[in-house]
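As the structure is a computational prediction, the values presented were derived from the model and not from experiment. Chain identifiers are assigned alphabetically (A, B, ...) following the order of the sequence lines, protein sequences preceding nucleic acid strands; residue numbering begins at 1 within each chain.
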Amino acid sequence: MGIFSFYRSVLLGCRWRVFALPAMFLIAFGSSACQKAPAPSDAEMVSETVVLETETAGGRGPASVETPPEDVPRTAAPDSGGGGFAPMPEPIIVVEAYESVAERPEPSTTTASEVAVTPLEDIVATRVFAGPSEYPPAEFKAYGILAFPARATSQTLERHSFICEAYLARLPHADEVSASRSVQMVTVWPMRTDGQAANLNALSPADTCARAVTGYGLVAAHDAIKDARKAGHRLEGRGPYLLAWSPASDKGRADVLVLSADLSNVSTAEGARNVMHKWAQDIEKQPDLWSNGWDLEKVRLAIQLWVDRFGENVLLAIKEGT
Amino acid sequence: MDFVKIARELSCPAIAGALVGLALVWWVEPATKGGTTLLIAGPVMIFTLVERVVRLCFGRNSNVEADDS
């Protein structure tokens with residue numbers, strides 16, 4: 001069978017499969033792209049407070065407790081000895097809903113169960129340069145660090161610089177934002193000395209990166225990488241890594257929640273900006289929603305960084321070979 | 001026409017791979033020319049390789065065919 005006749009038979013025999021496969025990819029990726037709905041706005045993130053009260057065996061609930069309608073079948077009491085009903089808990093009746101905790105009156109002693117959800121705080125992603133004595137910064141809600149495994153050399157200076165520029169571009173300084181530090185999730189750029197850190201915190205971003213890269217605080221970075229490894233993260237690449245702990249006091253423990261991002265495959269300024277953007281989005285979620293698991297956007301970003309890093313090398317190798 | 005000749009020479013898996021590669025480029029949005037090239041060339045190579053393997057495993061052997069005749 002000649003190769004041409006083989007292809008002809010493939011074309012005639014399974015034409016629909018040949019075109020169905022890319023079509024399925026297009027549909028899958030298209031639908032995932034369409035599902036990139038905007039995050040709910042601050043106004044939409046309204047928490048609710050609901051008080052649930054039930055009658056208890058030992059007493060009656062407050063006067064506002066509504067009795068269920070007569071036609072609703074009640075379960076038999078366990079000690080009634082008849083009826084054939086399995087003993088079931090009393091039904092929960094929602095009697096009042098309050099918009100805030102302050103509005104809600106003191107709970108009665110006869111309240112059996114109460115669920116009160118406090119309003120969600122908006123976490124703001126910020127940045128700060130910190131010296132050895134200022135690390136970890138205590139007054140923030142949570143903190144992260146941009147941890148390079150090694151200082152910049154003449155070969156890696158450009159890469160360190162554009163990562164620094166992306167860091168400055170995406171994250172506002174902790175003093176710039178109006179939010180109090182207790183709701184800020186700060187990402188630290190460690191510096192070798194406290195004086196260098198103080199100078200950089202006062203400088204405009206245009207002058208900052210050259211000094212930040214040369215005065216990088218490697219010891220704090222190594223400690224952070226070590227602590228993240230203790231928590232089970234594999235950090236074996238060339239880095240840098242974005243690592244965050246919540247709460248900050250749990251840093252160094254083995255069973256803590258650590259959010260991490262690996263920038264080992266970042267080879268372009270645009271890639272660095274994309275990673276910083278994703279990082280800021282991730283840490284602005286509530287820490288209990290942090291996830292290091294599978295996420296389609298993370299996969300897309302990982303593929304982008306990988307092909308950008310190795311694609312250029314492949315093209316260079318082809319050019320050199322020809 | 002050259003374009004027709006090229007299209008004739010291209011195999012089904014290569015065309016399918018190129019389409020998948022284009023879909024990946026659209027989704028991933030690579031920042032470099034190398035990244036774009038890799039995203040298109042990768043699926044083309046993988047699809048072609050899979051086709052070759054499938055042909056080797058399940059395709060008819062031309063030598064046997066010649067002997068039979």
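Only the side chain of A:Glu270 comes within contact range of chain B, with heavy atoms under 4.5 Å apart.
Heavy atoms of other residues, nucleotides or ligands lying less than 6.0 angstrom from CZ of A:Arg151 number more than 12. Residue-environment remark: CD (A:Glu158) stays at or below the threshold of 12 foreign heavy atoms within 6.0 Å.
Of the candidates A:Gln184, A:His173, A:Glu176, A:Thr126 forms a side chain to side chain donor-acceptor pair (under 3.5 Å) with just one, namely A:Gln184.
In this pair, A:Trp189 and A:Tyr167 present their aromatic rings tilted. The plane angle is within the 30 to 60° band.
Taken from CG in A:Leu146 to NE2 in A:His160, the straight-line distance is 9.5 Å, to the nearest 0.5 Å.
A donor atom on one side chain and an acceptor atom on the other are found under 3.5 Å apart for A:Asp308 and B:Thr32.
Listed by sequence position, B:Thr37, B:Leu38, B:Leu39 are the residues of residues 36-44 of chain B in contact with chain A, using a 4.5 angstrom heavy-atom cutoff.
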